[in-house]
Amino acid sequence: MNNIHKYILKLLTATFSVSILFVSGQFTITNPLTTRDMTGIRIGDNAYLTAATGADPDGAGWLRLTEAKTNQKGYMYVLQGFPTTLGVIADFEYKDWRNVADSYFGADGFSVYLFDAAVTDANFKLGGFGGSLGYATYSNPAGTTGLSGGYLGVGLDAYGNYANDGENRHGSAPANTLTSGMLPNAFVVRGPTSSTYSNSNVYLASTPLGNRTGTVDDIRQRNEIDYNTITANRPADNIFYRRVQVIVTKPGNDYVVTIKWRKENQTTFTQVLSYTLSSAAYPIPANLKLGFAASTGGGFNFQEIRNIILTTPGNLRVDSRSDSYFTCSDNTSNITFKVEVSNDTDAALNSIDFNGKITDDNNNVVDLSKFSITSLSTTGFTNSNLPTSGFTSNNVSGTVGLTAKSSGIITIIGKYFKRGIGTNRNFKMVSTVSSSQITDTDTTNNTATSSIAVKKCSVISNPMLPAYSK
């Protein structure tokens with residue numbers, strides 16, 4: 001298509017800005033990474049936002065840490081630090097896949113790391129790549145230290161080197177868990193960066209995943225950390241989906257690191273690892289930051305992250321997400337929101353008040369002529385009196401119930417009407433939860449917002465003249 005009469009096809013883009021809220025020791029930081037907006041994050045090496053390059057529609061993108069190419073590396077970290085007094089939940093989704101076969105069955109993997117927020121951007125330095133996944137010490141160049149101010153480096157290792165002591169990493173998984181000296185398809189935890197090189201980023205714990213029979217290559221080919229069917233396009237969520245939570249709490253004198261994940265077609269998280277860190281040996285910094293790093297070698301994958309949530313554990317909370325969008329040829333389009341309510345407490349809550357509404361930028365509920373909720377469904381709750389049809393406004397209220405340490409999903413589908421452009425340029429799905437059954441220790445995560453920016457279609461009649469809107 002030439003520049004004359006070129007249509008900018010985007011009419012509606014699901015856009016989510018960075019959200020940061022602090023109250024004393026409470027905090028909530030969210031960043032979906034689905035748009036071209038790089039506010040609040042630092043990206044380096046081969047990493048990029050797919051929506052910024054056009055690889056994905058704006059509003060439905062990912063942070064791509066590496067391409068499915070040999071010898072890539074990439075990283076990102078969130079610029080805003082957060083307090084650790086109440087603990088932390090780091091929650092994110094990822095895809096790990098490739099569109100070209102290699103002879104290594106995918107490599108290497110990626111790390112999610114927590115590091116001291118006192119480390120300035122100018123002084124930030126990654127650990128080694130290769131099997132060190134951007135966090136741990138490394139042998140090339142010799143003496144490569146670990147991540148600056150690193151406190152915890154959780155490796156999601158497809159290939160299997162992060163758990164061993166090769167490449168100058170310190171400590172290794174028990175020999176009986178290794179296959180040919182490697183631990184592919186595993187969660188692996190390494191400890192803080194130390195000024196004493198031999199004590200830096202030591203191996204702490206690991207959990208091998210799935211079927212462990214056969215050769216190391218047999219294990220690598222199984223769909224655990226990565227997706228091992230060659231596919232031209234990113235696998236859909238019902239084919240391959242991974243959502244991970246790294247949780248740090250202090251129930252007594254020491255810190256407990258808990259890792260959970262959720263796979264395709266699942267509505268609940270499964271705990272895969274728990275490890276107790278000595279507070280004397282590993283005192284936690286007052287404030288931390290979150291980041292990700294990934295590497296490839298002879299083997300490779302697209303390694304992608306999105307929908308980051310950082311908040312405090314042990315309370316009632318809600319989050320919301322959507323990657324809906326449509327083009328200028330559509331007069332209407334269905335927009336889907338997934339709202340997840342989580343009860344992180346030790347008590348069952350059978351009366352959680354929920355309110356969800358579609359508002360404009362002035363927080364007014366949007367008129368039905370511009371957006372109309374058409375259906376609502378729930379899964380994972382013990383009880384719900386939320387309406388499922390017959391909506392007379394874009395404001396939904398009711399109660400839901402959850403067992404202790406569980407979550408439920410509210411799926412809200414609505415229809416956007418093209419004629420709404422002109423008087424309404426933005427929609428927001430605002431979801432709020434509360435319960436009188438508990439004293440909530442953190443109210444910063446009781447409200448979640450998904451924003452959708454509406455843009456007019458533009459026609460360029462002459463590339464030398466400014467565009468006009470139709």
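Just so you know, residue 1 is the first one in the sequence shown, and it goes up from there.
If you check the side chains of Ser397 and Asn355, you find a donor sitting under 3.5 Å from an acceptor. Side-chain contact annotation: Asn445 with Asn315, donor-acceptor N/O pair under 3.5 Å present. Side-chain contact, Asn31 with Arg306: no donor N or O sits under 3.5 Å from an acceptor N or O. Checked by atom type, the side-chain pair Thr28/Thr444 shows a donor-acceptor distance below 3.5 Å. Thr35 and Asp37 are not linked by any side-chain donor-acceptor pair at a separation below 3.5 angstrom, with hydrogens and angles left out of the test. For the residue pair Thr312/Asp442, the side-chain donor-acceptor check at 3.5 Å is satisfied. For the 3.5 Å distance criterion, the side chains of Gln245 and Asp91 qualify, holding a donor opposite an acceptor. Looking only at atom types and distance, the side chain of Asn343 has no donor-acceptor partner in the side chain of Ser406 under 3.5 Å away. Counted by atom type alone, Asn123 and Thr120 present one or more donor-acceptor pairs between their side chains at under 3.5 Å.
We find that Glu224 and Arg222 are not joined by a salt bridge, their nearest charged nitrogen and carboxylate oxygen being 4.0 Å or further apart. Between Asp56 and Arg234 there is a salt bridge, with a side-chain nitrogen of the basic residue lying less than 4.0 Å from a carboxylate oxygen of the acidic one. Salt-bridge formation is not detected for the pair Asp218/Arg220: no Lys NZ or Arg NE/NH1/NH2 atom is positioned less than 4.0 Å from an Asp or Glu carboxylate oxygen. Electrostatic pairing of Lys405 and Asp344 does not count as a salt bridge here, judged by no charged N lying under 4.0 Å from a carboxylate O. Between Glu340 and Arg243, at least one side-chain N (NZ, or NE/NH1/NH2) sits under 4.0 Å from a carboxylate O, which counts as a salt bridge. The pair Arg98-Asp102 counts as a salt bridge, with a side-chain nitrogen and a carboxylate oxygen less than 4.0 angstrom apart. Under the 4.0 Å criterion applied to side-chain N and carboxylate O atoms, Arg64 and Glu304 are assigned as salt-bridge partners.
Between Phe292 and Phe92, the distance from one ring center to the other falls under 6.0 angstrom.
One N or O on the side chain of Ser148 and one on the backbone of Lys125 form a donor-acceptor pair closer than 3.5 Å. Although no hydrogens or angles enter the test, the distance criterion places no donor-acceptor pair under 3.5 Å between the side chain of Thr144 and the main chain of Gly128. For the pair Ser132 (side chain) and Tyr135 (backbone), a donor-acceptor distance under 3.5 Å is absent. No donor-acceptor distance shorter than 3.5 angstrom exists from the side chain of Gln303 to the backbone of Lys95, with no hydrogens or angles considered. Proximity of a side-chain donor or acceptor of Gln271 to a complementary backbone N or O of Thr258 within less than 3.5 Å is not detected.
Taking every heavy atom of both residues into account, Thr399 and Asn385 meet most closely at N-OD1, 2.6 Å. Between Tyr159 and Asp157, the shortest heavy-atom distance links the atoms N-OD1, 3.2 Å. Looking at every heavy atom in both residues, Tyr75 comes nearest to Ala47 through O-CB, 3.6 Å.
The environment of OH in Tyr104 is sparse: at most 12 heavy-atom neighbours from other residues, nucleotides or ligands sit within 6.0 Å. Annotation: Lys338, atom NZ; neighbour count of heavy atoms from other residues, nucleotides and ligands within 6.0 Å does not exceed 12.
Sequence neighbours left out, the pairs with a member in residues 242-269 that pass ring-ring contact (aromatic ring centres under 6.0 Å, His included) are Phe187-Trp261.
Between Phe115 and the options Phe82, Tyr77, Tyr151, a ring pair (Phe, Tyr, Trp, His ring centres under 6.0 Å) holds for only Tyr77. Asn228 pairs in a side chain to side chain contact (heavy atoms under 4.5 Å, CB included) with only one of the listed residues (Ile230, Thr231, Asp226, Ile225), which is Asp226.
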Worked check of side chain to side chain contact (heavy atoms under 4.5 Å, CB included) between Thr137 and His170: CA-CA 8 Å; Thr137 53; His170 302 126; 3.6 Å; yes
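Seen from the ring of Tyr162, Arg190 counts as a face-on cation partner, given the 6.0 Å and 45° thresholds.
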